[in-house]
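Reviewing the structure listed below.
The figures that follow rest on heavy atoms only: side chains count, while hydrogens, waters and symmetry mates do not.
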Amino acid sequence: MGFAFFVPRAAAGHGSYIKKGKGKNMIIVLKANRSKEQVKNFISDLTDRYDVSVNTWVGTHSTVLGLIGDTAAVDSEYIAAQDIVESVKRVQEPYKKANRKFHPEDTVIKLPTGQVIGDGSLALIAGPCSVESEAQICCVAERVKAAGATFLRGGAFKPRTSPYAFQGLKAEGLELLKKAKERTGLPIVTEIMSIGHLDLFEDVDVIQVGARNMQNFELLKELGHVHKPILLKRGLANTIEELLMSAEYIMAGGNEQVILCERGIRTFEKYTRNTLDLSAVPLIHEKTHLPVIVDPSHATGKANLVEPMMIAAVAAGADGLEVEVHYDPRHAWSDGAQCLTPDAFAQAMAKCRQVAWAIGRDM
């Protein structure tokens, strides 16, 4: 069975075919074994008839044609009557490019350095909350790589609640991350806070958008033009749909390499920094084709809770973990309370491997 998606806009001159709808997105499922020429002609007919813009996705067993726009003018009964069409339905979700209905197969993000996110294995992103010195970031990078980490995280620009707290080494921090990458080969994951900093991120492998910037729409639009993966964290008090709509901003700009991150949300609970919503992992997988990782460090705010939440995230089906690691958490310049030591991280990783093996996953 083949799939096709269309989001047409109203076109004049086809009154006999037009029927008012609700303006929702439309999914058209094509019958199996249709030739490329038949699909091409069908798309051409739709674009001529409804003046639509069609995105094409070809999967193993399906062809997906995505139409973005107002479908109020589209006559679903007319489309359903065409020989090439299996079925037609309208989609209520406001997000399109991120919607699994428009892209049934999982998105797999492959970095030039060889690392993969979303292929069923577990991506491990680890490192200190803040880059403090060359010795610190290089030491931690070597230790987390030895424990199985596949990416190095580290904050160069730090969004802090207090204006008097350490704000990061900024450009110098990015240079130190590059030195750690040269020494270990681990690709860099670090947070951007401003469009004005984008030129500094040329050598960053995965650009992270923090929780406070999840709805910084101008930043998201600009990242839509960047040709590298974007790790998008869920906001402090945002719904899953709002997270997906923020991903849509990036994808609408042309960058479809988006990784979602569940990092806990603000609730009335005081015993943890945030409340880790692990139910979001399978739910996000149901709603979108994008990979989703879990950050148990920011979610709990307590080092003793990080390991069990790492294990739980693996069991819940997360595509990866982002964990804060520091060799001297008590003297860390930021968020030391939630940092694991390299030894504790290695121990947690060993347990995660056991869980992954038990449920048939790769590490």
**Study point:** N213 (side chain) donor-acceptor with N216 (main chain) under 3.5 angstrom
**Key:** no
**Study point:** Donor on one side chain, acceptor on other, D343 and T341, under 3.5 Å
**Key:** no
Check your understanding: Below 4.5 Å, heavy atoms only, C-beta onward: do V39 and S35 meet side chain to side chain?
Key -> no
Review point. Any side-chain heavy-atom pair from C129 and H326 closer than 4.5 angstrom?
Key: no
Review point. Is a side-chain N or O of T184 found less than 3.5 angstrom from the main chain of E142, in a donor-acceptor match?
Key: no
Exercise for review: Starting from the C-alpha separation in whole Å, work towards a yes-or-no answer on side-chain contact (heavy atoms from CB on, under 4.5 Å) for L111 and I109.
Suggested key: CA-CA 7 Å; L111 275 73; I109 296 174; 4.1 Å; yes
Check your understanding: Is the closest basic N to carboxylate O distance between E322 and K233 below 4.0 Å?
Key -> yes
Practice item. Please check if the side chain of S297 supplies one atom and the backbone of E324 the other of a donor-acceptor pair under 3.5 Å. Key: yes
Review point. Going by distance alone, is a donor N or O of one side chain under 3.5 Å from an acceptor N or O of the other, for S130 and E132?
Key: no
Check your understanding: Quick one: NZ on K97 to CG on L244, what's the gap to the nearest 0.5 Å?
Key -> 15.0 Å
Review point. How many angstroms lie between SG in C339 and CG in D328, if you round to the nearest 0.5 Å?
Key: 10.0 Å
Review point. What orientation do W333 and F166 show, parallel under 30°, tilted 30 to 60°, or perpendicular over 60°?
Key: perpendicular
**Study point:** Euclidean distance, K170 NZ relative to F157 CZ, rounded to 0.5 Å
**Key:** 7.0 Å
Study note, to complete from the structure: Scanning both residues in full, the closest heavy-atom pair of K302 with Y271 reads NZ-O, 2.8 Å
Review point. Is a donor on one side and an acceptor on the other found under 3.5 Å between the side chain of T150 and the backbone of L124?
Key: yes
Exercise for review: Please report the C-alpha distance between L152 and V189 in whole Å, then the side-chain angles of each, then the deciding distance to 0.1 Å, and finally whether the side-chain contact (heavy atoms from CB on, under 4.5 Å) criterion is met.
Suggested key: CA-CA 6 Å; L152 173 64; V189 180; over 6 Å; no
Review point. Is the number of heavy atoms from other residues, nucleotides or ligands under 6.0 Å of K181 NZ greater than 12?
Key: yes
Practice item. Begin with the C-alpha distance, continue with both residues' side-chain angles, and end with the deciding distance and a verdict on side chain to side chain donor-acceptor pair (under 3.5 Å) for R212 and T161. Key: CA-CA 10 Å; R212 293 171 176 83; T161 302; 3.2 Å; yes
Check your understanding: Quick one: do V323 and L186 end up in the same hydrophobic cluster if we chain Ile, Leu, Val, Met, Phe, Trp and Tyr together by side-chain heavy atoms under 4.5 Å apart?
Key -> yes
**Study point:** R160 versus Q167, side-chain donor and acceptor atoms under 3.5 Å
**Key:** no
Check your understanding: Ion pair present between E134 and K179, side-chain N to carboxylate O less than 4.0 angstrom?
Key -> yes
**Study point:** Lys/Arg N to Asp/Glu carboxylate O, K40 vs E37, below 4.0 Å
**Key:** no
Practice item. Output yes when a side-chain donor or acceptor of E175 lies under 3.5 Å from a complementary backbone atom of A171, and no otherwise. Key: no
Practice item. May I ask you to decide if I284's main-chain N or O and T288's side chain share a donor-acceptor pair within less than 3.5 Å? Key: no
Check your understanding: Given the rule in the salt bridge (charged side-chain N to carboxylate O under 4.0 Å, His left out) test, do R234 and D277 qualify, once you have shown the distances and angles that lead to the verdict?
Key -> CA-CA 10 Å; R234 184 178 178 183; D277 182 9; 3.1 Å; yes
**Study point:** Same cluster (ILVMFWY, side-chain, under 4.5 Å), M310 and V294
**Key:** yes
**Study point:** Over all atoms of both residues, closest heavy-atom pair of A247 and L290
**Key:** CB-CD1, 4.1 Å
Practice item. Could you tell me whether the side chain of N238 and the main chain of L243 form a donor-acceptor pair under 3.5 Å? Key: no
Practice item. Report the C-alpha separation of K96 and E248 in whole Å, then their side-chain angles, then the decisive distance to 0.1 Å, and conclude whether the side-chain contact (heavy atoms from CB on, under 4.5 Å) test is met. Key: CA-CA 7 Å; K96 309 170 185 74; E248 194 79 11; 3.5 Å; yes
Review point. Do you know which two heavy atoms are closest between I84 and Q38, and how far apart they sit?
Key: CD1-O, 3.7 Å
Review point. So, for D205 and K228, which heavy atoms are closest and what is the spacing to 0.1 Å?
Key: O-CB, 4.0 Å
Practice item. Indicate the atoms forming the closest heavy-atom contact of R353 with A147, along with that distance. Key: NH2-O, 2.8 Å
Check your understanding: So, does S246 use its side chain to make a donor-acceptor pair with the main chain of M214 at under 3.5 Å?
Key -> yes
Check your understanding: Just by modelled atom types, is the M193 backbone N or O under 3.5 Å from a matching donor or acceptor in the E191 side chain?
Key -> no
Review point. Is it true that atom CD of E269 has more than 12 heavy atoms of other residues, nucleotides or ligands lying nearer than 6.0 Å?
Key: yes
Check your understanding: Between P128 and V140, which heavy-atom pair has the shortest distance, and what is it?
Key -> CD-CG1, 3.7 Å
Exercise for review: Please determine, by modelled atom types, if R100 and T107 share a side-chain donor-acceptor pair under 3.5 angstrom.
Suggested key: no
Exercise for review: Check the hydrophobic clustering (I, L, V, M, F, W, Y; side-chain heavy atoms under 4.5 Å; chains of links allowed) and say if L236 and I265 are grouped together.
Suggested key: no
Check your understanding: Shared ILVMFWY cluster between I259 and L283, side chains joined below 4.5 angstrom?
Key -> no
Revision key, fill the gap. Value for CG (L260) from CD1 (I240), rounded to nearest 0.5 Å, stands at 10.0 Å
Check your understanding: Does some side-chain heavy atom of L321 sit less than 4.5 Å from a side-chain heavy atom of D295?
Key -> no
Check your understanding: Can you tell me how far the OG1 atom of T190 sits from the CD atom of Q208, to the nearest 0.5 Å?
Key -> 7.0 Å
Review point. Are V204 and L231 connected, step by step, through hydrophobic side chains (Ile, Leu, Val, Met, Phe, Trp, Tyr) whose heavy atoms are closer than 4.5 Å?
Key: no
Practice item. Given side-chain contact (heavy atoms from CB on, under 4.5 Å), test T300 with N274 step by step and report yes or no. Key: CA-CA 6 Å; T300 64; N274 296 289; over 6 Å; no
**Study point:** Check: H285/D319 side-chain N/O donor and acceptor closer than 3.5 Å
**Key:** yes
Exercise for review: Calculate, to the nearest 0.5 Å, the distance between atoms CG and CD belonging to N99 and E93 respectively.
Suggested key: 5.0 Å
Exercise for review: Look at the side chain of E242 and the backbone N and O of T239, then say whether any donor-acceptor pair between them is shorter than 3.5 Å.
Suggested key: yes
